[in-house]
There are 2 protein chains.
Amino acid sequence: MSTSLAQRRRERTRQDILDAAWAVAGDDGLAALALRDIAAAVGMRAPSLYTYFDGKDAILDAMFADGWRQLSEHMDGVDVHTLAPADALAAIATAMAEFCLASLPRYQLMFTPALPGWEPSPEAYAVSVQFLDDAVASLADIGITDPGDVDLWVAITSGLIAQQAANDPTGDRWLRLVPRAAAMFLTETRSHP
Amino acid sequence: MSTSLAQRRRERTRQDILDAAWAVAGDDGLAALALRDIAAAVGMRAPSLYTYFDGKDAILDAMFADGWRQLSEHMDGVDVHTLAPADALAAIATAMAEFCLASLPRYQLMFTPALPGWEPSPEAYAVSVQFLDDAVASLADIGITDPGDVDLWVAITSGLIAQQAANDPTGDRWLRLVPRAAAMFLTETRSHP
DNA sequence: GTCTATAGACGGATAGAC
DNA sequence: GTCTATCCGTCTATAGAC
């Protein structure tokens, strides 16, 4: 499989456009993301983007998949196996929170229905499902296997992150409650074996 | 202060418009809410709405305040004082969840940044702050006074509701975890007095 | 591959007749 | 108070020249 020079260059430009899209989303908000602005940020006019993407939805789709790929990389850096369960649980949740709060538009695109009328393509969605399956497997390694336990922990984690993102995106008012929440949760699950 | 017949009639029409707006939002989604459709649902044309509201933002503002007024009424039906703390906590959270899931657009307008670029006016926002202050007072009655405890419980509750609303709006997969979450939370707060 | 020009859709708001 | 007609802005997407 020989990737020609032209193909490489095209792929680079595609990534430049995605990076520009993230930047624009960061400045103006995800909902205000417009092809004109993305193009301007990369030194083009809007119609030129159609050389690289089929349209706006295709760009959003690529951003979505890009986000989940970034999350996979980010979570690879968390070594669960050397930690006690409570610390492992807290480490996972903290890493997730770090990632979400590092880019609010990325968080919104990946986890919230912030874009009315848009939803990821089945292919892009599959990427997220794959990650979440892996996450459930990580919880199983810690000993969280009951579906209700998983649901409860996901709700607690996402609740803390959502509150932090909505009310204090640069602070740690809810973030610092993560270790406590992890200990609380583990104590409870163990008292009901 | 004599409310004239004209004033009463005007107020009734305003409420008709709000009801129509909720109906349209329920059908098409909050983001697709358009003056034309609201007007049609109430038997008018869009410009006529300007007789009753200053514009779209004013309508959203009235809907927002309307929602919080409805929530106040709904929560007045929950009698906390006859219950044990864990049951009281669960009852409050369950009532909140019921309210949120009864109307997804209402939930989105009140609790989520579902409308890019829109935020309630200071007056409308004050209504929500007043309610939340009352809610914190209710928690204090149960013995939850530490700010960190309050934040944690709010995060847990909102996390469960958000998961339920996003993934299973008509079911109870997360809702049924509320009593367990309440017991877990109370056990934890009491072990750290 | 990039551009200009423009189509086509949508939605909020306003003017002015009735 | 309600209407018709219209303006204005925004945005995605396409046609066709270069």
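Quick note on labels: first sequence line is chain A, next is B, and so on, each numbered from 1.
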A:R45 atom CZ is separated from C:dT6 atom P, nearest whole Å, by 15 Å

Spacing between A:L30 atom CG and D:dC11 atom P, to the nearest angstrom: 14 Å

With a non-hydrogen cut-off below 4.0 angstrom, is B:L33 in contact with a base, only sugar-phosphate, or nothing? sugar-phosphate

Using the ring of A:F99 (Phe, Tyr or Trp, six-membered ring only), decide whether A:R106 places NZ or CZ under 6.0 Å from its centre and within 45 degrees of its axis. yes

Would you call A:R180-B:D149 a salt bridge at under 4.0 Å N-O? yes

Considering just the side-chain nitrogens and oxygens of B:R36, establish if one lies under 4.0 Å of OP1 or OP2 belonging to C:dC10. no

Using atom CD1 of B:I59 as one end and atom P of C:dG11 as the other, report the distance to the nearest whole Å. 14 Å

Which heavy atom of A:D28 sits nearest to which heavy atom of A:D37, and what is that distance? OD2-OD2, 4.0 Å

Can you tell me if A:Y50 touches the phosphate of D:dA15, counting only side-chain N or O atoms and a distance under 4.0 Å to OP1 or OP2? no

Can you tell me how far the OG1 atom of A:T13 sits from the CE atom of A:M44, to the nearest 0.5 Å? 5.5 Å

I want to verify a distance call: between D:dC11, C:dG12, C:dG1, whose nearest atom is closest to the A:R10 side chain? C:dG1

State which residue, out of A:L139, A:I142, A:L89, fulfils the side chain to side chain contact (heavy atoms under 4.5 Å, CB included) condition with A:V80. A:I142

From the candidates D:dC3, D:dT12, C:dT2, the one with an atom nearest any side-chain atom of A:T51 is C:dT2

B:S48 side chain near D:dC3 phosphate (N/O to OP1/OP2, under 4.0 Å): yes

Could you tell me how far apart B:D54 (CG) and C:dG12 (P) are, to the nearest whole angstrom? 15 Å

Whole angstrom value for the distance that separates C1' of C:dC10 from NZ of A:K56: 14 Å

Atom CE of B:M44 and atom C1' of D:dT4 are separated, to the nearest Å, by 16 Å

In whole angstrom, what separates A:L60's CG from D:dT12's C1'? 12 Å

Any base atoms under 4.0 Å from B:Y52, or only sugar-phosphate, or nothing? Heavy atoms, all strands. sugar-phosphate

Rounded to whole Å, the CD1-C1' distance (B:I17 to D:dG1) equals 11 Å

